K.L.:
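Following this message is one structure expressed as structure tokens.
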Amino acid sequence: MKHLLLYGLGGLLLGGIIHIAAILLVPDFATRDAWTSLGRLGPDGAFHLLPANAPVTKPLTDLDPAMAHAACRFTLEEGPIRIRATMPEEFWSLAVFDRRGSNVYSLNDRTAERSDIDLVIATPLQMAKLRENPLAALDRAIVIELPLERGFVLIRAFVPNPTLAPATEAALGAADCQASLTAPGNGSGTAGS
Amino acid sequence: MRLLINLLVAIAIAVIVGLGSAWLVLDRERIFGAVTRGAWTAWPELGSPNADPYSRAELARSGALPLGDGEGIAFVADTDDSGAALTARCSYFINGQTPAARLWTLTVTDKNGNLFETPAHRSGFHAREILRREDGSFAIALAGDPQPGNWLPVTGSGPLRLTLRLYDTPLTSSGIGEATLPAIARRSCR
């Protein structure tokens, strides 16, 4: 009897270890996480419109039906990436997520102080190189340093009423996730306008 | 023989307790890092890189895309102010003002986040379209039957969830503090 109690106690302790291991391993084995779901929308390195959150379709949970969404999975293994988009004059926000779906960077149209998106994401090493040889074309771009190999960008754009949805979706659809680093920035000649 | 049986019992206990508790914790609502104001709850840490392991596991399982600090914050309400669960069998008044934000949206869904298919094609209100009183406050009638003013229609008789998303709000940097959120009062039930 005493023995059985001891084994039971041992079982409980081992159970605690299994509990911790299971919780820590869930993100590695999840099949419905954001990264995997976004991968079903199309190839990496390009923006894909997320189907509108409607009663019939619901691709990802937690999306605001008053917003249009586009996402792009990227890798920084081949160099920094540059994201460019011309957005409508409405609220938009942009978030960078890591492979696990954690939000590592975010901004909105007011904090970006402009209505178009021109964002460069670089690893610390790539950033050091960019600092050594600054590219004139990135003068007006927002350059952020993130210790990522892979991740995804999500743009949310406010659609005040359904008639404006096509224009917003067109703007999101035209967003470029692999813009050239040397292409001149928007309005670089008309700075201060 | 005795030893083998004891070992098997111990291992069985370990697996059942370990995996069972993990599953139970993840199947429940997010429990850590919740900030509650009245009927509304927000998880400011959700999706941030320093979130706890339970939140990370939950996030991976749900595939949610939480708002970042630079975007805004979302509040969720599953109950009214008295603590009774929101249900489509009852009608409610959502009354008051939202904390300072450049834009807000209020959405009604079922417990799993699915929108309702209503004849009015409305699943929520946002800051630009809502009818307000002179002092800037508003009242939304959440009900199955048409209501005057801001009517938020629902169908069926299941549980409801309200999500208030505040975009570009000082709450994400200064903390939620004493933020006052709209009151949710039950009117009548069928």
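First the proteins, then the strands, lettered A, B, ... as listed; each starts at 1. As the structure is a computational prediction, the values presented were derived from the model and not from experiment.
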K.L.:
Both conditions, 6.0 Å and 45 degrees, for the charged tip of B/R122 above the ring of B/F125: are they met here?
P.N.:
yes
K.L.:
Less than 4.0 Å between a side-chain N and a carboxylate O, is that true for B/R128 and A/E90?
P.N.:
yes
K.L.:
If you measure from the Lys or Arg side-chain nitrogens to the Asp or Glu carboxylate oxygens, is any gap between A/R131 and A/E145 under 4.0 Å?
P.N.:
yes
K.L.:
I want to check a possible cation-pi pair here: A/R73 against A/F152, using under 6.0 Å from ring centre and within 45° of the ring axis as the test.
P.N.:
no
K.L.:
With no hydrogens and no angle check, do the side chains of B/R132 and B/N150 hold a donor and an acceptor under 3.5 Å apart?
P.N.:
no
K.L.:
State plainly whether the residues A/E149 and A/R99 are in salt-bridge range, i.e. N to O under 4.0 Å.
P.N.:
no
K.L.:
For chain B, which of A/L94, A/T31, A/L13, A/L24 has the most heavy-atom pairs under 4.5 Å?
P.N.:
A/L94
K.L.:
Considering only heavy atoms and a distance below 4.5 Å, find which of B/T163, B/V9, B/D69, B/L67 pairs most often with chain A.
P.N.:
B/L67
K.L.:
Below 4.5 Å from any heavy atom of chain B, which atoms of A/A95 appear? Answer side chain, backbone, both or neither.
P.N.:
both
K.L.:
Looking at A/L12, A/L9, A/I23, which has the largest count of heavy-atom pairs under 4.5 Å with chain B?
P.N.:
A/I23
K.L.:
Write down the atom of B/E71, the atom of A/S106, and the distance for their closest heavy-atom approach.
P.N.:
CG-CB, 3.7 Å
K.L.:
Counting heavy-atom pairs closer than 4.5 Å to chain A, which one of B/S21, B/G124, B/P53 comes out on top?
P.N.:
B/S21
K.L.:
With a 4.5 angstrom heavy-atom cut-off, could you sort out which part of B/L7 is near chain A: side chain, backbone, both or neither?
P.N.:
both
K.L.:
Could you walk me through whether A/R100 and A/D28 pass the salt bridge (charged side-chain N to carboxylate O under 4.0 Å, His left out) test, one step at a time?
P.N.:
CA-CA 8 Å; A/R100 290 274 163 262; A/D28 289 309; 2.5 Å; yes
K.L.:
Show, in sequence, the C-alpha distance, side-chain angles and deciding distance for A/D33 and B/R61, and conclude whether the salt bridge (charged side-chain N to carboxylate O under 4.0 Å, His left out) test is met.
P.N.:
CA-CA 6 Å; A/D33 63 332; B/R61 259 171 56 104; over 6 Å; no
K.L.:
Which of parallel (below 30°), tilted (30 to 60°) and perpendicular (above 60°) describes B/H126 and A/F158?
P.N.:
perpendicular
K.L.:
Name, in order of residue number, those residues of residues 166-175 of chain A that have a heavy atom at a distance of less than 4.5 Å from a heavy atom in chain B; otherwise write 'none'.
P.N.:
none
K.L.:
Are any of the side-chain nitrogens in A/D116 or A/R84 under 4.0 Å away from the carboxylate oxygens of its partner?
P.N.:
no
K.L.:
Listed by residue number, which members of residues 98-108 of chain B have a heavy atom under 4.5 Å from any heavy atom of chain A?
P.N.:
B/R102, B/L103, B/T105, B/T107
K.L.:
Under a 3.5 Å cutoff, is there a donor and acceptor pairing between the side chains of A/T123 and A/Q126?
P.N.:
yes
